[in-house]
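This report concerns only the one structure given below.
Remember, it's 1-based here, ligands and their atoms both numbered in the order they're listed.
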Amino acid sequence: MANQEDIFRKVISHAKEYGYVVQSSEIYDGLSAVYDYTQNGAELKKNIKEYWWKAMVQMHENIVGIDAAIFMHPTTWKASGHVDAFNDPLIDNKDSKKRYRADVLVEDHVAKIEAKIDKEVQKASKRFGESFDKTQFLTTNPRVLGYQEKAQSILKRLGRSLEAEDLEDVKNLIEELEIACPVSGSKNWTDVKQFNLMFGTKLGASAENATDLYLRPETAQGIFVNFLNVQKSGRLKIPFGIAQIGKAFRNEIVARQFIFRMREFEQMEMQFFIKPGTQIEWYEKWKELRMKWHLSLGMGEENYRFHDHEKLAHYADAATDIEFKFPFGFKELEGIHSRTDFDLGSHEKYSGKKLQYFDPELNQNYVPYVVETSIGVDRMFLAVFSNSLKEEELENGTTRIVLKLPAVLAPTKAAVLPLVKKDGLPEIAHKIIDDLKWDFNVVYDEKDAVGRRYRRQDAAGTPFCITVDHQTLEDETVTIRYRDTMEQKRIAIGAVNETIADEVGIRKWLKKTE
Ligand code: ATP
């Protein structure tokens, strides 16, 4: 495959062509940064959510799940800090009239410096061959060290100025780095301004009595306001967690990376309530557990990295991102935040209700501290989908497009194919489907030559093809073909269910998170 942009374009068109994702309201030319999941996408998304929910709720005795409303009392967002501080710094280019997030412009500039480091590594690795020691190179090569220092000092300064809300310095930084607008190429920038990302709406029939509401920008607050309801009704003891999956809405300034940055999206969040003073220990623990969850899907250890925050959000005392190598580079996939007692403490103040836990061991009340894990379903979808899409050169000189989705997440687990449309083969294929459908999503496909059908299923991400042929009539065996290796085996019809279950069963995959 060619360059990053080409790969990303292929990901987007494949998602549409194979029934995964399309732009919302496409017949009306679409709605910017809003997407619909079509038949296969809906299944993949559901499987991602299930994989997360089971790993978090089912596998942890002390984590429970809830489903809170999208609308919340407006004071919630005063208390959480979102009304005052949920802003992004925006900047306009005066020539192209395009709007950008000022911090993203700077971060993209840093990414270019990082790309130079990668290039140096590639060059040196070619030059030194087998004896190349990457770690040594990265820590001693003067040019690389120079780039690293430059990248770090830019990010530090950006972090400092954003934290101090020194927007003038953010603009100075953009000018000093001579960052140009990618569209007009000009460096003619406006001042940097803050922009609140929450969507407002109204509750009530008449305009005069309507209450201003917000569509929630994160699911976490639904957990905080229910903290005592859940703790008391479940008689939960600290440490314990509350998990939730649900929609969130943000009026993103720039949203042009497909489902990476959407205006309506879904989050999977877990707030872990702990004793004050134990937050660093739990923060480290959740970093480890969440990384294991990602690695269990087998998408390559080299595609993940932690990125600790320089600039901390208004609620956090430590924060890191799990970054994933998307087609456009390493970007945030999940956030892990030590949120202290900020949220519960603030809701106590604004609501006038006590939100405290009685610790029977200490014989005292306190407002618990919180460590949060927060991942976007859609970003996870993009990570899985883009990482799985491969173009392979085959021995016979042809190429095949294959979507190597982790089998546990694949929308359809098997396709059952009669070799020909006669001689009773379709009937047997339907009988096999009638048995498999109790356990798995399966499809029937009889159109075109069997080779073409295999390719179609490869591209759709189906891990198994089961082919019924004339030998099946004699000995009740079928051919099972594995998507990733293209290996074909003859097995008894009676063994098909178990063979599929062995590969797609969630138990086998979740075991790897242990
Ligand atoms: P970013 O810096 O990319 O804007 P964030 O730091 O604001 O993200 P959080 O508030 O930590 O993100 O949200 C937690 C998770 O929710 C993110 O890691 C991401 O996976 C997901 N997420 C956030 N904003 C969006 C969005 N606009 N579209 C899709 N997913 C999102």
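- Both tests hold for Lys287 against Phe306: distance to the six-membered ring centre under 6.0 Å, angle to the ring axis within 45°.
- Within 4.0 Å of ligand 1, counting heavy atoms only, the contacting residues are Arg101, Arg250, Glu252, Phe260, Arg261, Met262, Phe265, Gln267, Glu332, Leu333, Glu334, Gly335, His337, Ser374, Ile375, Gly376, Arg379.
- Residues passing the side chain to side chain donor-acceptor pair (under 3.5 Å) test with Asp36: none are found, sequence neighbours excluded.
- For the 3.5 Å distance criterion, the side chains of Glu269 and Thr219 qualify, holding a donor opposite an acceptor.
- A cation-pi arrangement is absent between Arg216 and Phe249 under the rule of less than 6.0 angstrom and at most 45 degrees off the ring axis.
- Within the structure, the ring-ring contact (aromatic ring centres under 6.0 Å, His included) test picks out the following pairs touching residues 149-197 (sequence neighbours left out): Tyr100-Trp189.
- Scanning for side-chain contact (heavy atoms from CB on, under 4.5 Å) contacts around Lys193 gives Leu90, Asp92, with sequence neighbours left out.
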